[in-house]
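Structure first, commentary second.
Chain A is the first sequence line, chain B the second, and so forth, proteins listed ahead of strands; every chain is numbered from 1. Since we're looking at a predicted model, the values are computed, not measured.
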2 protein chains.
Amino acid sequence: MRASNSRPTIKDIAKVAGVGVVTVSRALNNKPDISDSTRERIVALADQMGYRPNRHARFLKLSHNPAIALIIKGIDNPFFQQVLDPLEAIVREKNYLLTVVKVPHWADEVEEATKIVDEELMAGAIFLGGSFRHEASVFKKFNVPFVLSTVSRLPKVDDSAYSSVAVDDQEEATRAVQHLIDLGHTTIAALGVPEGDASVGAQRITGYRQALSNAGIPLDDDLIRFETREQMNPYTYEHGYHLAKRLLQERPDVTAIFAIADVLAIGAMRAIREAGLSIPDDMSIIGFDGITIGQFVEPELTTVVQPPLEIARLTCDVLFEQINDSAPVRHVFVPATIHAGGTTAPLVQSGEAK
Amino acid sequence: MRASNSRPTIKDIAKVAGVGVVTVSRALNNKPDISDSTRERIVALADQMGYRPNRHARFLKLSHNPAIALIIKGIDNPFFQQVLDPLEAIVREKNYLLTVVKVPHWADEVEEATKIVDEELMAGAIFLGGSFRHEASVFKKFNVPFVLSTVSRLPKVDDSAYSSVAVDDQEEATRAVQHLIDLGHTTIAALGVPEGDASVGAQRITGYRQALSNAGIPLDDDLIRFETREQMNPYTYEHGYHLAKRLLQERPDVTAIFAIADVLAIGAMRAIREAGLSIPDDMSIIGFDGITIGQFVEPELTTVVQPPLEIARLTCDVLFEQINDSAPVRHVFVPATIHAGGTTAPLVQSGEAK
DNA sequence: TTGTATGCGTTATCAT
DNA sequence: ATGATAACGCATACAA
C-alpha cells in the first residue's frame, strides 16, 4: 500500500519512449536543442504515465531550491494571518515553495530557521513577527537572504546585518497615544509588552512614553502593564483581559488605554464591560494592528492599521531582489493609518468616575 | 554572498577527521559498529564545522521523507488555526516536518496536494477543512496515507477511500437548532453554505433541516441564506454580516439564527445591532466552531464547540498508525459541546418585533 | 571497528 | 538533435 515505488522516473519514460534520459529531461524542462515533435511526444507520455519530478533529486543536483522558509512566532496574533495570506500567494506566484515554520513564542526563531534553511537548502527566509533578543552574531550564521517582516529596528543589531519591512512602530504608537491625549486624556495606561521582548512590543511602548513626554505628562511606570508568565503567548485576547482586569482594580483613575495589539485591546474590552464601565464614555481604548475582527466588536475598535497587503508585497520585493540580484540589505517603512472606530471619546470632565 | 557552497558535507568532515565518509555517517546517525571515541570526536568536529545534513541527499537515498503535507483550504476561519497549532506541535514532536499548503477556497485541494506529496515524496497528508466536490476517483491517485480533519462524510465517496476525524456535523447542527427550538423559536434562519459545497457546510444545513423536521416546523428555503460569489471566501465575518443584513431586511419575522460557523455569527451580530435589534432579546443567534473570539464579543456567543486539541491529536493518531503500521482507514467522530453564551434567549411572545 | 563501492533521480558536460 | 557519462550528498551492502 505504501506505494510511491510505482512512481515513474525519467528513466522509465526514456525507456518507453525509446530515447535517452537526457532527452526526457530536456523535453520536460523546455530546454532548447530538442525537436518539437519529440518534445511533444515525451511531454504527452510523461503526463499519461503520471510522471512527477522528484524535487530531492533535482535540487540535490542544482543546489538551488526554489523554496522560502517563513518563520512565524506568536501565530496567535490574527494580524499575522492577514499578511501571511498574501505573502503565500506572491511566493507561489514566483514558483517558489513556501514552508511555514511556526515557532513557539519562547523558542529561538533564528536557531530554528538556520536549521531548516540549511537542511533544505532554501533560497531565503522571511521572519514574520518574532521577538529578537539576539546579538548581531546569530545573523552571521545565516548564509541566505532573509527579511524581517513587521519588525523594524533591532536594538542590539547593526542595520547592515538584516533587511526589514514594517511600519515605524515607535512613531505610530506615539501617534496613537497622541490621539488619546488630544481627546483630553492624561491618565493613560499601556498594555503590555513582556520584559525581554526587544521587538515591536518594546518599540510601541517606547512610542507611548514618547507621546506622554511630548505632552509633558509625567511617566508612571505602574500604568505600563505586562506579564511574564513563561510559556504563555502574550498576544492573546485572554492576556489582554487579565491585564485590564488587574489594571482596573488597581487604578480606577485611568481613563484611557493604549494596547500594543488589537487582541489585547479586545480582551481588555471585555474586562472593561465586566467592570461596569462603558466604552468609550467611561474608558477610551485604542489598539494596534488593524485586525479584521476589530470592525465587528461593539463598539468598533479604534486602532492603528498596518497595511497587510503592502507589507507582504514589499517583503517579497526586498527578499527576491536579494535572491535574484544580490541586492544589498534594505529597510522599508510603510505608513500606518489610524482607523477611527467607536472606542475612543473625549474625556468627560467630572468626578463621577467610579 | 549567496553562500551555501561553503557548507561542509560528510566528505569534508571525513577528510578533516582522517576517516571514511561512512564512519562519519554512522557517527552522526547513532548507528552501531563504531567506537565511542571516534563517534564523539566526529560529532564534535561536525558541530564545530557547522555541519548540517542535506535532506535532499538523504531522502533521495532513503526514499522516505519524514514530512507531512498539511493542506488547508479557507484558512480565514480562525477555528482552523486552533487545530493547526497543536497539530503542528505533535507532528514536530514525532520528528516529522510539516509543510503547510494553503489553497484558495476555489482551488482543487486534492490536485494541489497530490502534486506536493508526489514531488516531495512526503510520508502522508492531512486535509484541514476543505469542500470536497470530488468523485471517489481522485483519491485513488493518492499513494500515501491521508486523513481528513474536521471533515467527516463525503457524499460521493465511499468510506473505505479515506480516513477522517471530525465532529458529527449534521448531528451537532441538529442539536444546535434544537436548542433554539427549545427556547420557543420557530422562525429560524440559517447562514450560509454556498451551493456546491459538499462538506461540513452542507452537513450542518442538513442538520438544521433535520431539527426543524423533527419539531414539525415546516421548511422554508428562503430562510436558508448563502451567497455564491466567485473567489470570495464564505467563512468570513464580512460574509456573515452581508447575509444577515439582507435577511433582516427581507424577513423581519425571523427571531433566531443558526450560523454554520462562528465567523458568520459574529459578522451577523453586527448587522443585527445595526438593525436596531438587541441580542438576545430581539434576536437569538447560535454559532458553530467555538473560536476564541466568541468569548470576547458582547454578548458572549452561544455556539457548538469543537475540541481542537482532541481533533488534532486524533488526526495525528490516525495518520501515523497508517504510516507506521499500515493500519486501515478509520473514521473517528469526536463529540462537540454546546457552550451557552449570551446570544440565545427564550422567544418573547408578543407583537413588538420590528 | 572501519573503508570501498554503488545507487537513489536528476541535470550538466561533452561527446556524436 | 540526441545520447553516454559523471556528479550532487548521503546511506547501505559488502569487503577488509
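- OP1 or OP2 of D:dA11 sits under 4.0 Å from a side-chain N or O of B:S25.
- One interatomic measurement links the two molecules: CZ of A:F59 to P of D:dG9, which rounds to 16 Å at whole-angstrom precision.
- Contact annotation: A:T23 does not reach the phosphate of D:dT2 (side-chain N/O to OP1 or OP2, under 4.0 Å).
- Between the side chain of A:S163 and the backbone N or O of A:R330, at least one donor-acceptor pair lies under 3.5 Å.
- Taking the charged nitrogens against the carboxylate oxygens, A:E119 and B:R52 have no contact shorter than 4.0 Å, which rules out a salt bridge.
- Evaluation of atom-type donor-acceptor distances gives no pair under 3.5 Å for the side chain of B:R52 against the base of D:dG9.
- With rounding to whole Å, B:D12 atom CG is found 13 Å from D:dC8 atom C1'.
- Between A:L60 and B:R39, the residue whose closest nucleotide on DNA chain C is further toward the 5' end is B:R39.
- Straight-line distance from the CD1 atom of B:I13 to the C1' atom of D:dC10: 12 Å, rounded to whole Å.
- For the OP1/OP2 pair of C:dC8 and a distance below 4.0 Å, the side-chain nitrogens and oxygens of A:T9 include no atom meeting the criterion.
- B:E120 and B:T99 share no donor-acceptor pair across their side chains, judged by distance under 3.5 Å alone.
- With rounding to whole Å, A:K31 atom NZ is found 15 Å from D:dA1 atom P.
- Listed nucleotides: D:dG3, D:dT12, D:dC8. Nearest to the side chain of A:V22: D:dG3.
- Here D:dA13 presents its C1' atom at 14 Å from CG of B:L62, a figure rounded to the nearest Å.
- The residue among A:V19 and B:Y51 whose nearest nucleotide of DNA chain D is located toward the 5' end is A:V19.
- Of the possible polar contacts, none joining the B:H331 side chain to the B:S152 backbone as a donor-acceptor pair under 3.5 Å is found.
- Below the 3.5 angstrom threshold, one finds a donor paired with an acceptor across the side chain of B:R26 and the base of C:dG3.
- Annotation: of the two residues near DNA chain C, B:I34 and B:A57, the 5′-most nearest-nucleotide partner is B:I34.
- Listed pair B:S35 / C:dT2 meets the phosphate criterion, a side-chain N or O lying under 4.0 Å from OP1 or OP2.
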Side-chain donor-acceptor pairs under 3.5 Å in residues 23-33 of chain B, sequence neighbours left out?
unit_1 : atom_1 : unit_2 : atom_2 : d
B:N29  : OD1    : B:R58  : NH2    : 3.1

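- Rounded to an integer number of Å, the gap from CD1 of A:I10 to P of C:dT10 is 5 Å.
- Distance, B:N65 CG to D:dC10 P: 15 Å, rounded to whole Å.
- Taking only side-chain nitrogens and oxygens, A:N54 never comes nearer than 4.0 Å to OP1 or OP2 of C:dC8.
- When rounded to the nearest whole Å, the span between CG of A:L28 and P of C:dT10 equals 9 Å.
- Closest contact between the side chain of B:D33 and the listed nucleotides D:dA11, C:dA12, C:dT1 involves C:dT1.
- Taking the six-membered ring for Trp and the full ring otherwise, B:Y235 and B:F80 have centroids separated by 6.0 Å or more.
- The side chain of A:R58 places no N or O atom within less than 4.0 Å of a non-bridging phosphate oxygen (OP1 or OP2) of C:dG9.
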